[in-house]
Amino acid sequence: MELIITEKDNAARRIADILSGGTYDSSRENGVNVYEWGGKRCVGLSGHVVGVDFPSEYSDWRDVEPVELIDADVEKTATKENIVATLRLLARRAERVTIATDYDREGELIGKEAYDIVRNVDEDVPIRRVRFSSITENEVQSAFDEPDELDFDLAAAGEARQIIDLIWGAALTRYLSLSAGQLGNDFISVGRVQSPTLKLIVDREREIEAFDPEDYWEIFADLTKDDTAFESQYFYRDEDGNEAERVWDEATADEVYETLAARDAATVVDVNRRTRTDTPPEPFNTTQFIRAAGAIGYSAKRAMSIAEDLYTAGYITYPRTDNTVYPDDLDPEELLDEFVGHSSLGESAESLLEADEIVPTEGDEETTDHPPIHPTGEIPSRGDVSDDEWEVFELVVRRFYATVADAAVWEHLKVVADVDDYRLKANGKRLVEAGYHDVYPYFSTTENYVPDVDEGEELALSDVALEDKQTQPPRRYGQSRLIETMEEMGIGTKSTRHNTLEKLYDRGYIEGDPPRPTKLAMAVVDAAENYADRIVSEEMTAQLEHDMDAIASGEADLSDVTDESREMLEEIFANLADSRDEIGDHLRKSLKDDKRLGPCPECGEDLLVRRSRHGSYFIGCDGYPDCENTLPLPSTGKPLILEEECDEHGLNEVKMLAGRQTFVHGCPLCKAEDAGEGPVLGACPECGEDSATTDSSRDDGGELAVKTLENGSRLVGCTRYPDCEYSLPLPRRGEIEVTDEYCDEHELPELVVHSGDDPWELGCPICNYQEFQARESESGSDLEALDGVGAKTVEKLADAGIEDLEDLTDADPDAIAADVEGVSADRIRSWQAKA
DNA sequence: GCAAGGTC
């Protein structure tokens, strides 16, 4: 029996299909697909099935000095145990093993990992390697006709990368995290790829912060020929003889403006007409696909996720590729034929097939692992895919169309007119031949009309305008620009670049879109620049690539390269030795800066975004416990502090990030005031001082207040909302007066409602609500009679089968607590005692 | 719990 091992299930199935001529059977082993036919079995891995890590004695961050990791052993352990188990099982029954992982460096390493697993159960079985550039009949057949050996040097190059990345990443990440005391989920990470990417964002932010805007002026005027007006702009020659439009001093700008405004005609002195060929775009690699999807509104993460779904469903080719040259076996005409007759995609394909010859465009990068992203010819019907998936699928199809379409042709017309030696110019452009734009409507084809004029012709001059402007700071990188720049810098891979950006978001280093670095990110990059410059520089990757090439070609050993890297890191740690506290202080301060909204109106310290021990967010004062001022935040989403400040309170506005439900909350103090938090009545019976519960952990000092919600309805609610959801209803109409008389039982003031001419006594809001509940359901629950049990709690209890006091006294407190969210067993015991 | 790289 022969065992064939591929990098992924999809490839295993397609190879089985080709080699078996479609006659394979499939079965499942430990949840892994195995394809079988005529004495052969084919199984797909899931990329790496083993990973590198330190031995377990290094796993406690506090017990191990980060520097010790540098010389620690690095072990390989199974990360996909079911796949490893399946591989071992199949290997035992194999008389020959063929490794058919992807044709690139990482594929060679994955193949070597499979080799080691096989060798572990069978020392002698022959193991060979096949390589093919695309999974097509011809390529696969000839690869299996001429099998090769595994390239152990190439695999070792990949292993060197794994080891160096782990040691540098883990040692420095632990060092920074320990120095700042960030040991939980919020550790402070650095790495060979993420940190240079972060530095890119931070450097741009530094430029923006340091930017000093400069004033300049531009002058525009309308020119008219035969009743048709077109816009022109004043220009001059700068000291280098180049055309310049920006006038840097006001007096000159005024003078030009006054002169032009006083004239009513201009003379054409130059007419320049030229045609420009606009070549069609290159085939999609991952980066360019992400960029194009970004232009129609998809984040990098979303674009890749949709592309992976379309790939798995068989509609497009593998979406992770650097290749920008279609392989020889792709026949564009055949592929176009698949779309002929399709309701929305057919017409373009038909028009392209009319060409005499079809020659696809190609980019500079030609790799051996996967083709550029293109449609497979399988077309989903609209019901098979979501709107977003269809939109992305259409983008991929149309990109393929564009790469086999004709160039477009533009005609540019530049007219220069003269007024008292001042020059005006107008640039017109017209799309003469639409070419690929007809089949790829994602690029702008806006024309700018400038009429035909002749030299010496007089044109009417009107509507002269002087515009004062300022130079703008550079713009932040967008997600797709960052991914493109990473590719240019040579960091990350087609499969990881978009994940790296997600990692920076998750780590609290960047926020918003386009991403803006946090203060923490600025501090991490600062610290790295000062002590471990290598980890934030693209040089580290460049050197590593160079070293990996040396290993792959046999000029260097894995240990030469990793030993040298360890020595460099030792040096860094030697320099870091005395700086732990200094670095930690800076990081801690920056972490706090990221949570700061502005001054507390009660004490002048800082208001910070905080998290309650129940996990919800609120705003609290840095002066706590001296200052107990708090402001609520909405219960949905994760708060993001915006750059915008509230004019009235000087506090930053807050946005709540919650996927599609993301919304801007605004200034939390304004919101609290708008929410009409009225007079405080007394302690909250659920979480306030002396609350009825014996569960002292719930005494969080909540108070009841009269509140008006945004929809206009009113209630008595806890000031700790949303941490505490205790609430009592109030009538919608009428003014509410808080009297001096108190309810003895609940220690709350009696309320009077003034509506119309006839004020009525609502009384104690708890008594009022209990009476209301009693009236509402005569046979209903008597649970509200208990102090500290609000309407919500009654509902929750009822859901858990506790309908009245009798149910409650019979029940097991721990069982109820497990069933009912937000109700502790201690609270239930206190109710049982009362009942 | 640390990285980056595969893949889902």
Side-chain angles (χ1 to χ4, degrees), chain A residues 6-12 31-33 44-56 58-70 72 74 76 79-80 82-83 101-114 155 157-178 182-198 286 304-313 318-321 369-370 486 491-504 506-507 532 535 540-541 544-545 548 565 569:
Chain A
T6 69
E7 188 154 325
K8 44 194 165 276
D9 174 60
N10 229 301
V32 183
N33 290 328
L45 307 176
S46 182
H48 291 286
V49 294
V50 296
V52 288
D53 207 347
F54 301 110
S56 60
Y58 291 92
S59 50
D60 191 324
W61 293 29
R62 276 158 303 203
D63 286 353
V64 179
E65 278 297 319
V67 70
E68 294 178 54
L69 295 177
I70 299 175
V74 174
K76 282 210 169 187
T79 50
K80 304 269 166 61
N82 60 325
I83 299 179
T101 47
D102 290 355
Y103 186 8
D104 58 13
R105 184 175 59 220
E106 216 60 27
E108 208 67 21
L109 176 53
I110 290 165
K112 162 71 162 36
E113 289 161 3
E159 283 186 294
R161 180 199 57 70
Q162 288 185 317
I163 293 165
I164 290 169
D165 281 342
L166 174 67
I167 294 176
W168 281 70
L172 289 170
T173 293
R174 286 195 192 182
Y175 183 88
L176 290 185
S177 302
L178 284 164
Q182 293 289 110
L183 288 186
N185 282 323
D186 302 321
F187 59 86
I188 297 173
S189 70
V190 285
R192 176 180 57 85
V193 174
Q194 60 166 290
S195 298
T197 307
L198 188 58
T286 303
M304 283 311 288
S305 150
I306 292 175
E308 278 152 19
D309 289 344
L310 292 170
Y311 158 70
T312 311
Y318 192 65
R320 294 186 273 261
T321 177
D369 51 348
H370 299 285
M486 290 171 76
I491 59 175
T493 73
K494 64 211 173 183
S495 313
T496 59
R497 289 185 195 111
H498 60 281
N499 296 336
T500 301
L501 287 192
E502 285 307 308
K503 183 178 282 185
L504 296 179
D506 292 345
R507 297 279 194 265
I535 201 75
M540 180 164 174
T541 297
L544 183 60
E545 287 287 344
M548 283 194 290
S565 185
L569 190 55

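What's counted below: heavy atoms across the whole structure, side chains too, no hydrogens, waters or symmetry copies. Note on naming: letters A, B, ... go to the chains in the order of the sequence lines (proteins, then strands), and numbering restarts at 1 for each one. The structure presented is a predicted model; accordingly, all values stated were derived computationally and were not measured.
- Nucleic acid contact class of V49(A) (heavy atoms, under 4.0 Å, all strands): none.
- Residue order along DNA chain B, read from the 5' end via each residue's closest nucleotide, puts G169(A) first among D104(A) and G169(A).
- Note that the CG atom of N10(A) and the OG atom of S46(A) stand 11.5 Å from one another [nearest 0.5 Å].
- Using a 4.0 Å heavy-atom criterion, one finds that D102(A) contacts the sugar-phosphate atoms exclusively.
- Among the heavy atoms of the strands, none lies under 4.0 Å from G158(A).
- Counting to the nearest Å, the C1' atom of dA4(B) and the CD1 atom of I167(A) are 14 Å from each other.
- Screening residues 163-173 of chain A for salt bridge (charged side-chain N to carboxylate O under 4.0 Å, His left out), with sequence neighbours left out, gives R161(A)-D165(A), D165(A)-R192(A).
- A straight line from NE2 of H498(A) to P of dG6(B) spans 11 Å, rounded to a whole angstrom.
- Here the side chain of D53(A) is nearest to one of dC8(B), dC2(B), dG5(B), namely dC2(B).
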Residue pair R497(A), T286(A): steps toward the side-chain contact (heavy atoms from CB on, under 4.5 Å) verdict:
CA-CA 10 Å; R497(A) 289 185 195 111; T286(A) 303; over 6 Å; no
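- Rounded to a whole Å, the CG atom of D165(A) is 10 Å from the P atom of dA3(B).
- Between the CG atom of D506(A) and the P atom of dC2(B) there is a distance of 11 Å, given to the nearest Å.
- In terms of position on DNA chain B, the residue among T79(A) and A170(A) whose nearest nucleotide sits closer to the 5' end is A170(A).
- Taking atom CD on E159(A) and atom C1' on dA4(B), their separation rounds to 14 Å, with Å as the unit.
- Comparing dA3(B), dG5(B), dC8(B) against the side chain of K503(A) picks out dA3(B) as the nearest.
- Heavy atoms of R174(A) sit under 4.0 angstrom from at least one base atom.
- OP1 or OP2 of dT7(B) sits under 4.0 Å from a side-chain N or O of R320(A).
- The phosphate of dA4(B) has neither OP1 nor OP2 within less than 4.0 Å of any side-chain N or O from R105(A).
- The phosphate of dG6(B) has OP1 or OP2 within less than 4.0 Å of a side-chain N or O from S495(A).
- Heavy atoms of Q194(A) sit under 4.0 angstrom from primed sugar atoms or phosphate atoms, though from no base atom.
- A donor atom on one side chain and an acceptor atom on the other are found under 3.5 Å apart for T493(A) and T496(A).
- Atoms CG (L176(A)) and P (dA3(B)) sit 11 Å apart, rounded to a whole Å.
- Across the protein-nucleic acid pair, N10(A) atom CG and dC8(B) atom P stand 7 Å apart, rounded to whole Å.
- The phosphate of dG6(B) has OP1 or OP2 within less than 4.0 Å of a side-chain N or O from T493(A).
- Closest heavy-atom contact between T101(A) and T6(A): CG2-C, 4.0 Å.
- With sequence neighbours excluded, the residues satisfying side-chain contact (heavy atoms from CB on, under 4.5 Å) with D104(A) are D102(A), E106(A), D369(A), K494(A).
- Counting any heavy atom pair closer than 4.0 Å across all strands shown, R62(A) reaches no nucleic acid atom.
- For the pair E68(A) and R174(A), the salt-bridge criterion is not met [side-chain N within less than 4.0 Å of a carboxylate O].
- Rounded to a whole Å, the CG atom of L198(A) is 16 Å from the C1' atom of dA4(B).
- Among the atoms of the strands shown, base atoms are found under 4.0 Å from some heavy atom of D60(A).
- Among the atoms of the strands shown, none is found under 4.0 Å from any heavy atom of W168(A).
- The shortest distance between the side-chain N/O atoms of K80(A) and the OP1/OP2 oxygens of dC8(B) is not below 4.0 Å.
- S59(A) comes within 4.0 angstrom of a nucleotide base, judged by non-hydrogen atoms across all strands.
- Distances shorter than 4.0 Å separate some side-chain N or O of S189(A) from OP1 or OP2 on dA3(B).
- Contact between the side-chain N/O atoms of R497(A) and the OP1/OP2 oxygens of dG5(B) is not found at any separation under 4.0 Å.
- Looking at heavy-atom distances under 4.0 Å, Y318(A) makes contact with sugar-phosphate atoms alone, never a base.
- Put simply, T496(A) has a side-chain N or O that comes within less than 4.0 Å of OP1 or OP2 on dG5(B).
- The side chain of E106(A) approaches dG5(B) more closely than any other nucleotide in the set dG5(B), dT7(B), dC2(B).
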